[in-house]
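Structure first, commentary second.
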Amino acid sequence: MAEATFAGLLLDRPIIMGVVNVTPDSFSDGGETFDSAAAVRRGREHIKAGAQILDIGAESTRPGADPVSPQDEINRARPVIEALAGGGAVISVDTRKAEVMAAALKAGASIINDIAALTDPGALDAAANGGASVILMHMQGDPATMQDAPAYRDAPKEIRAFLAARIEACQAAGIDKARIAIDPGIGFGKTPRHNVEIVSRLDEFLDLGCPLVLGVSRKSFIASLSRDAPPRMRLGGSLAAALAGVKRGAKILRVHDVAETRQALDVWEAMENEL
Ligand code: PT1
């Protein structure tokens, strides 16, 4: 069987998507890359350190974050996308807004990474018309309130059913299945227990037939599982959770710490596969 690919990238082994925030209020770095030149520098560092996708986000989606207008989001993201795509990087844009999707694709992004799985008005059409690859993520509720009282009967099962329905909606809108990746949305309307359950049962998503994206980097569930470290002190837990996900089939890791994650993957794979 031919190896799976996504957005032209071979997925015979896990790849890294490096986070590039262009927000004034990012949870993990206090918005230090809001400056677009600084964001471009961060993106180039990620590529050097082994990232194969750069995920550019101009609206923070962490729990409790405030929404941003489409025009502000475009103004922040566009120069960064243009510079990094112009340098040859594969770019995803982290947005839920159709207007931002269209502008980002025009600026050189090839992947839409949507925490709302293309449910906002016009989003399916923007992705289909732009010929984009898409990452469909599950979220319960909205960033402003999603952590108030997350509840599931069976979290992995319900998330799987949601993603199956969104894959169908994409296909009905003309997006080829080969262009679709899926993500259970760690931390998006989930308790720490739910997040652990999802990663430990990640293999239940494999039969959906789309590459699995996993974003655990620096998230709060790590602090709640171990000694309440602040975001920048969560690398150990981030690597542990990422590898637990890879063991169950995750193929694209969305991370802040690219070099460290690449090293962990290389060493872990050597042991697992006796390379
Ligand atoms: C993710 C993701 C994302 N995460 C995809 N895109 C964020 N595809 C942004 C916390 O609990 O996992 N997959 N885009 C960042 N979101 C969060 C969520 C950040 C929760 C922090 C937390 O600390």
Side-chain angles (χ1 to χ4, degrees), residues 6-7 15-23 25-31 33 53-68 73 77 91-97 100-101 109 111-119 123 127 132-148 150 159 162-163 166 180-196 198-199 202 205 210-226 228-235 237-238 241-242 245 250-257 261:
F6 181 67
I15 64 170
I16 295 172
M17 174 186 214
V19 176
V20 179
N21 290 310
V22 203
T23 57
D25 62 346
S26 167
F27 85 101
S28 61
D29 60 13
T33 58
I53 301 171
L54 299 177
D55 189 40
I56 299 176
E59 175 176 56
S60 178
T61 52
R62 79 186 193 292
D66 291 322
V68 177
E73 210 180 318
I91 306 294
S92 61
V93 60
D94 190 341
T95 189
R96 58 185 296 169
K97 300 185 189 82
V100 180
M101 292 172 188
I111 303 169
I112 291 167
N113 173 29
D114 185 0
I115 63 158
L118 304 180
T119 54
S133 296
V134 300
I135 299 170
L136 306 175
M137 198 198 79
H138 173 274
M139 165 167 62
Q140 185 178 82
D142 246 87
T145 56
M146 65 190 178
Q147 291 308 113
D148 291 355
I159 293 163
F162 170 83
L163 293 172
R166 295 313 299 163
I180 303 172
I182 54 174
D183 182 333
I186 296 300
F188 286 88
K190 284 112 183 163
T191 65
R193 231 353 87 193
H194 293 138
N195 292 318
V196 169
I198 292 159
V199 176
L202 204 65
F205 296 87
C210 297
L212 272 177
V213 178
L214 186 66
V216 295
S217 186
R218 301 186 186 177
K219 286 184 180 175
S220 57
F221 79 100
I222 293 166
S224 70
L225 289 174
S226 172
D228 271 321
R232 288 171 169 290
M233 299 295 282
R234 296 176 188 162
L235 176 59
S238 299
K251 279 289 189 289
I252 302 175
L253 298 176
R254 181 185 181 279
V255 311
H256 300 88
D257 303 288
T261 304

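Ligands are counted one by one from 1 in listed order, and the atoms in each one are counted from 1 as well. Computation of the quantities below employed the complete heavy-atom set of this structure, encompassing side-chain atoms and omitting hydrogens, waters and symmetry-equivalent molecules. We number each residue from 1, following the sequence as shown. Computed from a predicted structure; not experimentally measured.
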- Kindly write out the residues that satisfy salt bridge (Lys or Arg N to Asp or Glu O under 4.0 Å) with Asp183, not counting sequence neighbours, or none if the list is empty. none
- Can you sort out which atoms of ligand 1 are near Thr61, meaning under 4.0 Å from one of its heavy atoms? 7 (C), 9 (C), 15 (C), 16 (N)
- Query: CE/Met101 to CD1/Ile112 distance, rounded to the nearest 0.5 angstrom?
  - Reply: 5.0 Å
- Query: Would one find an N or O of Asn113, backbone or side chain, under 3.5 Å from an N or O of ligand 1?
  - Reply: yes
- Item | Spacing of Ile252 atom CD1 and Ile16 atom CD1 [to the nearest 0.5 Å] | 11.5 Å
- Going by the order shown, which atoms of ligand 1 are within less than 4.0 Å of some heavy atom of Gly215? 12 (O)
- Could you see which bit of Arg254 sits under 4.0 Å from ligand 1, with heavy atoms only: side chain, backbone, both or neither? side chain
- Message: For the CD1 atom of Ile56 and the CD1 atom of Ile111, what is their distance to the nearest 0.5 Å?
- Response: 11.0 Å
- Item | Nearest-0.5 Å distance that lies between atom CD1 in Ile186 and atom CZ in Arg254 | 12.5 Å
- Query: What do we get for Phe188 next to ligand 1 when only non-hydrogen atoms under 4.0 Å count, side chain, backbone, both or neither?
  - Reply: side chain
- Query: Any N/O of Arg62 closer than 3.5 Å to an N/O of ligand 1?
  - Reply: no
- Task: Could you check which of Leu253, Asp94, Val19 puts a non-hydrogen atom nearest to atom 14 (N) of ligand 1?
- Result: Asp94
- Results of ring pair (Phe, Tyr, Trp, His ring centres under 6.0 Å) for Phe221 - residues two or more places apart only: none
- Task: Answer with yes or no whether Gly185 contacts ligand 1, where contact means a heavy atom under 4.0 Å from a ligand atom.
- Result: no
- Query: Any Lys/Arg nitrogen of Arg96 or Asp142 sitting under 4.0 Å from an Asp/Glu carboxylate oxygen of the other?
  - Reply: yes
- Look up atom CG in Leu202 and atom CG in Leu214, then write down how far apart they are to the nearest 0.5 Å. 6.0 Å
- Do any nitrogen or oxygen atoms of Lys219 come within less than 3.5 Å of a nitrogen or oxygen of ligand 1? yes
- Task: Flag Asp183 as yes when one of its N or O atoms lies below 3.5 Å from any N or O atom of ligand 1, and as no otherwise.
- Result: yes
- Hey, looking at atom 22 (C) of ligand 1, which of Ser92, Gly189, Pro63 has the closest heavy atom? Pro63
